[in-house]
Amino acid sequence: ADQFRMTIDPLFNFEFAKDTEDSLGEKLYKNTRGFLIRGDIGQKFSFETSFYENQATLPQYLDDFAKSYAVIPGQGRWKKFKDNGYDFAMASGNFSWSPNKHFNFQAGHGKHFIGDGYRSLLLSDNSFNYPYLRVTTTYKKIQYTNLYTVFMNLVDGGVVTPKYTERLFQKKAGSFQYLSWNAHKRLQLGLFQGMIWEATDNKNKMNLNLSYFNPVIMGSALEYGLGGSTNVIIGGTWKMRLPYSITAYGQYMLDDIAEDFVNGSISNKQGFQTGVKLHDLATIKNLHLQWEYNQVRPYTYAHKKTSQSYSNNNQALAHPLGANFKEMNIILDYRIGNFFTQIKFMRAQIGRDSLNLNYGNNIFNSDNDALYGIHSNINEQNQGVKSQLDIIDLKLGIVINPNTNMNLVLGLSQRKETSNITQRPTNLIYVGFRTSLNNIYYDF
C-alpha cells in the first residue's frame, strides 16, 4: 500500500448563462465531462492524466474570437455543434520522476506559467496544451528549470494530407530556461530566457541543431541575438515579502532592442509588470487583495516571419491581449468556511489594429507590415485605434470537495470595450456546478 497509490475523480462543468445585452436573448451553456487520474509509485515516481469533453455556446465576443482564430480560448480547436455551438476536447498528462532531492524530470502534455502574478509576460498558461520535457534542478537557494516544447501554428504543415485523415499543422519548437534564486529570506530573483526556433520547412520537418538543447540560460540569446531568425525573449522576475503579510512582485521582458536605443523604434520591444498582494487584509482572515499592472510595447512577441510569433495554437504564449496595451487588474478574494466570493476588475487601454493596418497589437502580424515600416522610429505606446476595455466579474459560491475544487457558483460578468469604431457590451449572468482545476482566461 505504501508503494502504490491512485485516485480517480470525475471532472465536470455544467454552466448556464444569459447575456442580457444580447437582443436575441440566446441562452448560453457549457457542458463538460471528464476525469482526473493521479498516482504515485513509490517515493520517486508519480503520474497524472485528465480529459475534458465539451459542448458549449459562447457570448458574442468569445464567439467572434473562436471563429477568427479557430480555437476556444485555452482549450484548443473546435468542431461545429448543432446550429451555433462548439464541440472541443482537451487531454493533459505527465510522468514525473525525482531520483533525489536535487533533480526532477517531467514529460507530458500540458501548460506552464512563469511568475508570481495573475498574468505573465514571459510564459503563461493562456494557450492550448503542448508536448514538453521539463528538467528542474534544485540546490540550496537556487532552482533551475529547463523546458523543451513543441508548439503548433494552425496552418498547413506543407505535406500532402492523405484522404479522410486530419491535416497536419506546422510545428515549431520552443526552449526555455528559468533561474530562480532566493537571495534573502524575503527576496526572490529570477532570470528567464525563451526561444521559438524556426518553424518547420515545406515538408513539416524541424531542422533543429544541438543549440536547441543548450541548457545554459542566455546562451541562445548571445548566439542568435534578439532580432534574428529565431524569436528570443529574455526577462527577469522579482518577489519581495514585506511586513504585514504583503508581497510585492514584478517582471520585465525584452523581445528586441533598438539600435542606439531609439525609444520609438519598432525594435523597442519590451514590457513590464508590477503588483502587490495583501493577505488577511485589515487583519481579516482569508481576505486577500491583489493589484497588478502590465504594460507591453507595440510589436512585442511578433516577428518578421508570422510563423515565428511567440504563440501556440493561434494564441499568445504570454499575455492574452497580445501587445501594445496598458492593463490594471484588481482581485478581491474572501473565504469563510466552505463559502467564497471574488470580485475581479480589469481595465485596459489598448492600441488596436484596424482595417488591415498593423499598429502592433496583433502578435500574428509580420513586422514587415508595420504601419510606419520595418525601420520606423516614430512608434508610440498604445498607438492605433484607442480602445478601453473594462471587465467586472463578481461570483459567490460554495466548495463541496476541495480535492477537485468542486463548487456551486453564481456570478455576474460585465465586459465593455469602447473605441471610436465600436462599443460592444456583454452582461452575463451565470450559474454553474463544476470542478475548477484549470485557469481559463476569458478576460480579454
Side-chain angles (χ1 to χ4, degrees), residues 1-11 34-52 74 76 89-116 120 122-152 171-182 188 190-197 206 208-220 237 239 312-313 317 402-405 435 437-439:
D2 294 334
Q3 296 299 312
F4 180 78
R5 182 184 66 88
M6 187 174 73
T7 60
I8 302 176
D9 293 292
L11 300 176
F35 60 84
L36 170 66
I37 301 175
R38 290 170 171 162
D40 298 302
I41 301 176
Q43 301 295 316
K44 299 180 179 181
F45 185 83
S46 64
F47 59 91
E48 177 178 314
T49 183
S50 66
F51 178 78
Y52 295 85
M90 183 168 72
S92 308
N94 67 73
F95 297 95
S96 179
W97 177 49
S98 300
N100 54 50
K101 66 179 182 179
H102 298 300
F103 293 98
N104 174 260
F105 300 87
Q106 188 177 108
H109 189 253
K111 310 179 185 186
H112 299 82
F113 189 96
I114 300 291
D116 301 286
S120 176
L122 303 175
L123 178 64
S124 80
D125 49 359
N126 177 60
S127 76
F128 189 52
N129 290 347
Y130 45 84
Y132 69 89
L133 171 65
R134 187 178 74 190
V135 182
T136 304
T137 306
T138 305
Y139 182 74
K140 294 184 177 179
K141 297 181 178 182
I142 293 176
Q143 186 176 83
Y144 190 58
T145 300
N146 273 280
L147 176 66
Y148 303 97
T149 66
V150 178
F151 298 130
M152 280 203 311
K171 297 178 292 184
K172 57 185 179 184
S175 61
F176 305 86
Q177 289 80 36
Y178 181 60
L179 174 65
S180 177
W181 174 40
N182 291 322
Q188 184 181 83
L191 188 63
F192 173 85
Q193 175 186 266
M195 188 164 181
I196 304 296
W197 294 75
M206 285 190 290
L208 293 176
N209 57 45
L210 289 177
S211 296
Y212 170 69
F213 300 99
N214 183 355
V216 181
I217 195 166
M218 298 301 162
S220 296
T237 66
K239 180 173 70 173
N312 172 51
N313 267 263
L317 280 171
N403 291 329
T404 57
N405 198 20
T435 53
L437 293 178
N438 295 321
N439 292 328

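Numbers here simply count residues along the sequence, with the first being 1.
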Should [X] and [Y] count as side-chain neighbours, where that means a heavy-atom distance under 4.5 Å?
X	Y	answer
Phe35	Leu11	no
Met152	Tyr130	no
Tyr178	Leu147	no

Contact summary for [X] and [Y], nearest pair of heavy atoms:
X	Y	value
Gly219	Gln193	N-OE1, 3.6 Å
Pro10	Thr435	O-CG2, 3.9 Å
Ile217	Leu191	CD1-O, 3.1 Å
Met90	Gly74	SD-O, 3.7 Å
Ser211	Ser220	O-OG, 4.2 Å
Asn214	Gln177	O-NE2, 3.5 Å

If the condition is side chain to side chain donor-acceptor pair (under 3.5 Å), which residues does [X] pass it with, not counting sequence neighbours?
X	answer
Thr145	none
Ser175	Trp197
Thr49	none
Asn129	Ser92

Nearest-0.5 Å distance, [atom1] of residue [X] to [atom2] of residue [Y]:
X	Y	atom1	atom2	value
Asn438	Ser50	CG	OG	6.5 Å
Thr137	Phe103	OG1	CZ	4.5 Å
Lys140	Trp181	NZ	CH2	14.0 Å
Gln188	Lys141	CD	NZ	12.0 Å

For [X], side chain to side chain contact (heavy atoms under 4.5 Å, CB included) partners two or more places apart:
X	value
Leu210	none
Pro215	Asn146, Tyr148
Ala89	Phe51, Glu53
Ser120	Phe113, Ile114, Leu122, Ser124, Gln251

Ring pair (Phe, Tyr, Trp, His ring centres under 6.0 Å) against Trp97, all qualifying residues, sequence neighbours excluded: Phe105

Tyr132: partners by ring pair (Phe, Tyr, Trp, His ring centres under 6.0 Å), with sequence neighbours left out: His112

Pairs flagged by salt bridge (charged side-chain N to carboxylate O under 4.0 Å, His left out) wherever residues 99-116 is involved - sequence neighbours left out: Asp116-Lys239

Qualifying salt bridge (charged side-chain N to carboxylate O under 4.0 Å, His left out) pairs, either residue in residues 35-44, two or more places apart: Arg5-Asp40, Arg38-Glu48

Without swapping roles, check the side chain of [X] against the backbone of [Y] for a donor-acceptor pair under 3.5 Å.
X	Y	answer
Gln106	Arg134	no
Thr237	Gly115	no
Asn312	Leu317	no

Aromatic plane relationship, Phe95 with Phe47 - under 30° parallel, 30 to 60° tilted, over 60° perpendicular: tilted

